[in-house]
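Here's the structure we're looking at; comments come further down.
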Amino acid sequence: MKIHNIASVVAVSLLLPSGFVSANQSWYIVNDSVMGGLSTSQVYEKDDALVFSGTVSLENNGGFASVRTAINTNEQASNQISLRVKGDGQTYQLRLRTTQYLDGPAYTTSFKTTKDEWQLVNFTPSDFSLTFRGRILEQNPNFYFKDIRQLGIMIAKKQQGDFKLEINQIAFNNS
């Protein structure tokens with residue numbers, strides 16, 4: 001399997017149920033190297049899970065690694081996103097965008113993982129804040145999961161060192 005920065009990486013049919021949400025079948029890596037940082041990451045499929053791993057470096061004013069994919073919720077109404085994850089004890093962000101652009105504001109929320117344990121984490125629209133480059137924006141328009149066009153995972157907030165997050169389910173539900 002080829003792994004590239006800003007390139008097609010992993011099929012996601014195992015993560016996003018067909019019919020309700022469709023994905024473009026590609027995950028893209030966007031690290032702090034876009035601004036001179038030295039963090040590295042990779043994304044691959046293993047044992048029916050998406051694995052996002054790498055090293056966060058604070059050198060050259062860096063400090064984040066991320067992976068994202070374009071999705072289409074088919075404008076289905078849902079009020080909850082569920083992730084089944086196995087982490088490393090660090091905190092990650094779930095990042096949602098209502099446009100396809102790689103840069104720009106994102107609706108974000110954070111979740112802490114438990115080292116080497118599978119967890120189910122659930123979020124509603126009220127769990128998210130509109131942010132841009134780490135800052136919460138004052139305007140916070142109404143946000144609906146049916147409008148999501150991009151989904152991403154990020155590790156940031158000066159969590160220097162190696163990281164690994166496994167995801168084997170992303171589901172949009174009505175609770």
Side-chain angles (χ1 to χ4, degrees), residues 1-10 12 15-16 23-24 26-46 49-71 81-117 119 121-123 125 127-140 143 145 148-170:
M1 173 182 345
K2 294 181 182 178
I3 299 176
H4 303 281
N5 277 346
I6 313 292
S8 173
V9 182
V10 175
V12 294
L15 296 175
L16 298 167
N24 75 353
S26 301
W27 287 86
Y28 300 90
I29 293 171
V30 181
N31 296 330
D32 57 20
S33 57
V34 297
M35 50 186 251
L38 301 175
S39 298
T40 60
S41 68
Q42 60 184 343
V43 62
Y44 56 93
E45 183 181 346
K46 182 179 178 184
L50 180 86
V51 180
F52 172 48
S53 64
T55 304
V56 173
S57 170
L58 302 181
E59 298 296 317
N60 290 352
N61 295 314
F64 74 88
S66 71
V67 63
R68 58 183 78 165
T69 188
I71 65 170
I81 296 177
S82 299
L83 302 176
R84 187 167 184 268
V85 299
K86 181 165 67 170
D88 51 13
Q90 298 191 77
T91 300
Y92 293 84
Q93 292 179 12
L94 175 60
R95 304 175 59 82
L96 306 174
R97 285 192 166 91
T98 56
T99 68
Q100 297 284 353
Y101 300 113
L102 287 177
D103 196 21
Y107 292 91
T108 64
T109 190
S110 296
F111 59 96
K112 176 128 177 82
T113 62
T114 302
K115 186 174 176 66
D116 297 326
E117 288 186 23
Q119 302 168 254
V121 289
N122 300 302
F123 307 101
D127 294 322
F128 291 82
S129 298
L130 186 61
T131 63
F132 183 66
R133 297 187 178 163
R135 293 186 174 91
I136 295 176
L137 300 178
E138 288 183 27
Q139 68 272 30
N140 205 8
F143 170 59
F145 290 151
I148 296 169
R149 298 295 172 257
Q150 188 183 100
L151 180 146
I153 302 290
M154 176 181 276
I155 183 167
K157 306 281 186 188
K158 302 191 185 293
Q159 296 181 93
Q160 184 172 341
D162 294 340
F163 67 90
K164 181 179 179 183
L165 180 70
E166 297 177 55
I167 307 167
N168 80 345
Q169 180 183 16
I170 300 171

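Since this is a predicted model, take the numbers as computed values, not measurements. For reference, positions follow the sequence shown, starting with 1.
Residues satisfying the side chain to side chain donor-acceptor pair (under 3.5 Å) criterion with S39, sequence neighbours excluded, are D32. In this structure F52 satisfies the ring pair (Phe, Tyr, Trp, His ring centres under 6.0 Å) test together with F163, sequence neighbours excluded.
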Test side-chain hydrogen bond (donor to acceptor under 3.5 Å, both in side chains) on R84 and Q169 and set out the steps.
-> CA-CA 5 Å; R84 187 167 184 268; Q169 180 183 16; 5.8 Å; no

May I have the step-by-step check of side chain to side chain contact (heavy atoms under 4.5 Å, CB included) for V67 and Y28, ending in yes or no?
-> CA-CA 5 Å; V67 63; Y28 300 90; over 6 Å; no

Step by step, work out the side chain to side chain contact (heavy atoms under 4.5 Å, CB included) result for T108 and L94.
-> CA-CA 6 Å; T108 64; L94 175 60; over 6 Å; no

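Applying the salt bridge (charged side-chain N to carboxylate O under 4.0 Å, His left out) rule to pairs touching residues 152-162 yields nothing, sequence neighbours excluded.
Classification of the F145-F128 ring pair by plane angle, with boundaries at 30° and 60°, yields perpendicular.
Among V85, T113, L83, the one residue that satisfies the side chain to side chain contact (heavy atoms under 4.5 Å, CB included) test with Y92 is T113.
No side-chain donor-acceptor contact under 3.5 Å links S66 to the backbone of I153.
Within a 6.0 Å sphere centred on CD of Q119, other residues, nucleotides and ligands contribute more than 12 heavy atoms.
Put simply, the side chain of L50 does not reach to within 4.5 Å of the side chain of N168, judged on heavy atoms.
Expressed to the nearest 0.5 Å, how far CD of Q42 lies from OG1 of T55 amounts to 9.0 Å.
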